[in-house]
2 protein chains.
Amino acid sequence: MLYAGFMSAVLPPFPPPQEPVDTPQLLEVGSAADEPCLRADAARNRARLLEAAARLIAEHGAAGVTMEAVAAEAGVGKGTVFRRFGDRTGLLTALLDHSARGLQADFLGGPPPLGPGAPPVDRLRAFGVAVLYRSAEQLDLQLAAQPDPTRRYAHPSVRALHTHVTVLLRQILPDADCELLAQPLLAYLDPALINHLTRQCGMPMERLEKGWLDLVERVTRTGA
Amino acid sequence: MLYAGFMSAVLPPFPPPQEPVDTPQLLEVGSAADEPCLRADAARNRARLLEAAARLIAEHGAAGVTMEAVAAEAGVGKGTVFRRFGDRTGLLTALLDHSARGLQADFLGGPPPLGPGAPPVDRLRAFGVAVLYRSAEQLDLQLAAQPDPTRRYAHPSVRALHTHVTVLLRQILPDADCELLAQPLLAYLDPALINHLTRQCGMPMERLEKGWLDLVERVTRTGA
DNA sequence: AAATTAAGCGGACCCCGGTCCGGTTCGTTA
DNA sequence: TAACGAACCGGACCGGGGTCCGCTTAATTT
C-alpha cells in the first residue's frame with residue numbers, strides 16, 4: 001500500500017482560508033490521530049477517499065486523476081472531497097502523510113545515525129540520503145502534491161524538514177546563519193530537482209547521493 | 001516600463017507540445033530579434049498583447065489577470081494569445097524576457113565584477129547579488145511565471161543561469177561536480193524562496209545578501 | 001493583378017478545480 | 001426516545017486555462 005496514512009492533520013472543518021502561520025513547526029507532526037474527533041460518517045468517507053485516490057493514482061498516475069473521479073470512485077460527492085482536504089494539494093499531501101510521519105519519527109527519535117545519538121554531521125548526511133531516496137520512490141506523487149510557489153516553503157512538512165536541518169546545523173556551526181544556510185541544503189533535496197536530474201538529465205541516484213555528501217562537507221567545513 | 005521585451009524567443013508557430021530539450025542552453029538567448037519572421041499582423045498582435053498584459057498586471061497584479069482579459073484588452077481573440085505564447089507561463093515569461101536578456105548580457109559580456117575580467121569567485125558573488133535584487137523587484141511576476149514542478153528546472157532561462165554558475169564553479173573548483181554543486185546555489189536565488197523569506201518570514205534583503213556571500217564562501221572554499 | 005497557399009485569427013467549446021447552499025444525518029441533551 | 005442543532009453531504013454551478021476548426025488575410029508566385 002501507498003497511502004496508509006489515514007490519520008493526518010489536514011484542516012479545520014471548512015473555511016480553510018485562514019492560515020495562522022504561527023505553526024509550532026516541530027513536534028506538531030508526530031503525535032498521531034490528531035484529527036479533532038471527526039464525525040463517524042465523515043471519518044468513513046475520509047478513509048474511502050484516500051483509498052479511492054490511491055487506487056486511481058496507482059492506475060492512472062497522479063497527474064491523470066481528477067478530483068471528481070476520486071469522489072466518484074469513493075462513492076461520495078465532489079464537495080465532500082474539498083470539504084475534507086481543502087484542495088487537490090491537500091488530498092495528495094494526505095496520501096504522503098504516512099511516509100512523512102515515518103521519516104520524521106526516524107530522524108526525531110529513531111536509531112542513529114538518522115536519529116539522535118550520532119554526531120550532527122553524520123545525522124545530516126543520513127538525513128539527506130534518506131530524504132533523497134524517499135522522494136525518488138514517490139516522485140510522481142511528490143511532484144503532483146507540490147503546492148504553488150507562494151506556498152511551497154510555507155508548507156508544514158517542508159517547515160518540519162527545515163527546522164530539523166537548522167537544528168543540526170546550529171550544533172555544527174554555532175556562529176553561522178543556520179536558518180538561511182539550511183535552505184540550499186533542503187533545496188538540493190527538492191523532488192522537482194530530483195525529477196529533473198534523474199529523469200530529464202539521466203543522472204543516476206548514486207551521483208546525487210555523492211553530491212549531497214559533498215555539499216554537506218563543503219557547507220559544514222568550519223573556519224578557514 | 002516593465003515588459004519592454006517585445007522580442008523574445010517564445011515558441012514556434014503553434015503545436016508547441018514538442019520540446020526538443022536539446023537547447024543550446026547558453027548563447028541561445030542574447031541574440032535579439034530571433035522570432036522566425038513573424039507575419040506582420042502577428043507581430044502587431046504580439047506587441048499589443050504584451051502591452052495589454054503589462055497594463056493589466058500593473059493595475060490588478062499578476063495573479064489577478066486572466067488570459068481572456070488580456071486578449072480583450074489587446075482587442076484580439078483568446079486563441080491568439082495561446083497561439084503566440086503557448087500558455088499562461090509563456091506570456092508571463094515573455095514579459096520578463098527583457099530584463100532576463102539584460103542580466104544575461106551583463107554577466108556574459110558586461111563589465112566586471114559581473115562580466116568577464118574579475119576572478120570567478122567575485123563574479124559568482126556579484127551574480128548572486130544581482131539575481132537576488134532583480135528577482136526581488138519583480139517578485140509577483142516571477143512567482144506567477146513559475147512553471148509547474150516538472151518544468152521548473154528545464155525552463156531555458158533557468159538553464160542559462162545554471163550553465164553560467166556551473167562554468168564559474170568549474171574555474172574555481174576544477175575537480176568538483178560543479179553541475180550538481182550549482183543547483184543549491186541557484187536554489188538560494190529562487191524567487192519563491194525570496195518571497196518566502198522576505199514576505200512571509202520578514203527577513204530584510206541585507207540578510208539574504210549576507211547569506212549568499214556566506215554560502216559562496218563555504219561552497220567554494222577549497223580543500224581541507 | 002490574380003491566383004495560390006500557408007499563416008494567422010477568434011470565439012465557441014471542453015475540462016477541471018473550487019464554491020455554494022438546501023437538504024440530510026449524526027450525536028447529544030432532556 | 002423525541003427533538004434539536006451542528007456537522008456533514010452532494011451535486012449544480014462558476015470561472016479560468018487551454019483546444020479546435022472553419023474563416024480571413026498576408027505574403028508569394030506567375
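Chain letters run A, B, ... following the sequence lines, proteins first and then strands; every chain starts at 1. Here the structure is a predicted model, which means the values were calculated and not measured.
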*Can you run down the salt bridge (Lys or Arg N to Asp or Glu O under 4.0 Å) pairs that involve residues 195-205 of chain A, sequence neighbours left out, and say none if there aren't any?*
Asp140(A)-Arg199(A)
*asked:* Using a 4.0 Å heavy-atom cut-off to protein, can you give one letter per nucleotide of nucleotides 24-30 of chain C, 5' to 3': B if the base is in contact, S if only the sugar-phosphate is, - if neither?
replied: -BBS---
_side-chain N/O Thr80(A) vs dG10(D) OP1/OP2, d < 4.0 Å_ = yes
Which pairs of donor and acceptor atoms, one on a side chain in residues 124-134 of chain B, lie under 3.5 Å apart (sequence neighbours left out)?
from, atom 1, to, atom 2, distance (Å)
Arg125(B), NH2, Asp122(B), OD1, 3.3
Tyr133(B), OH, Glu209(B), OE1, 2.6
Arg134(B), NH1, Ser99(B), OG, 2.4

Check residues 69-80 of chain B and write down every donor-acceptor pair under 3.5 Å in which the side-chain atom is one partner and the other belongs to a residue at least two apart or another chain.
from, atom 1, to, atom 2, distance (Å)
Glu73(B), OE2, Arg55(B), NE, 2.9
Glu73(B), OE2, Arg55(B), NH2, 3.3

*Send over the distance from Lys78(B) NZ to dG16(D) P, rounded to a whole Å.*
9 Å
*Interatomic distance, His60(B) NE2 vs dG16(D) P [rounded to whole Å]*: 12 Å
*Output, in order, the C-alpha distance, side-chain angles, deciding distance and verdict of salt bridge (charged side-chain N to carboxylate O under 4.0 Å, His left out) for Arg101(B) and Asp97(B).*
CA-CA 6 Å; Arg101(B) 283 169 187 274; Asp97(B) 186 76; 2.6 Å; yes
*To the nearest angstrom, how far is Leu92(B) atom CG from dG17(D) atom C1'?*
13 Å
*Could you give the CZ-to-C1' distance, from Arg83(B) to dG8(C), as a whole number of Å?*
6 Å
*Round to the nearest Å and state the distance from Arg84(B) atom CZ to dG18(D) atom P.*
17 Å
_First of Thr89(A) and Gly77(B) reached from the 5' end of DNA chain C, by closest nucleotide_ = Gly77(B)
*May I have the distance from Arg88(A) (atom CZ) to dG17(C) (atom P), rounded to whole angstrom?*
5 Å
*State whether Asn45(B) places a side-chain N or O below 4.0 Å from either non-bridging phosphate oxygen (OP1 or OP2) of dC9(C).*
yes
*Round to a whole Å and report the spacing from CZ of Phe82(B) to P of dC13(C).*
18 Å
*Name all residues meeting the side chain to side chain donor-acceptor pair (under 3.5 Å) criterion together with Arg39(B); count only those two or more places apart in sequence or in a different chain, and write none if there are none.*
Asp41(B)
*Kindly write out the residues that satisfy side chain to side chain contact (heavy atoms under 4.5 Å, CB included) with Asp177(A), not counting sequence neighbours, or none if the list is empty.*
Glu179(A), Leu180(A), Arg207(B)
*Atom-to-atom span, CD of Glu68(B) to P of dG15(D) - whole angstrom*: 11 Å
*So do the side chains of Val165(B) and His162(B) get within less than 4.5 Å of each other, counting heavy atoms only?*
no
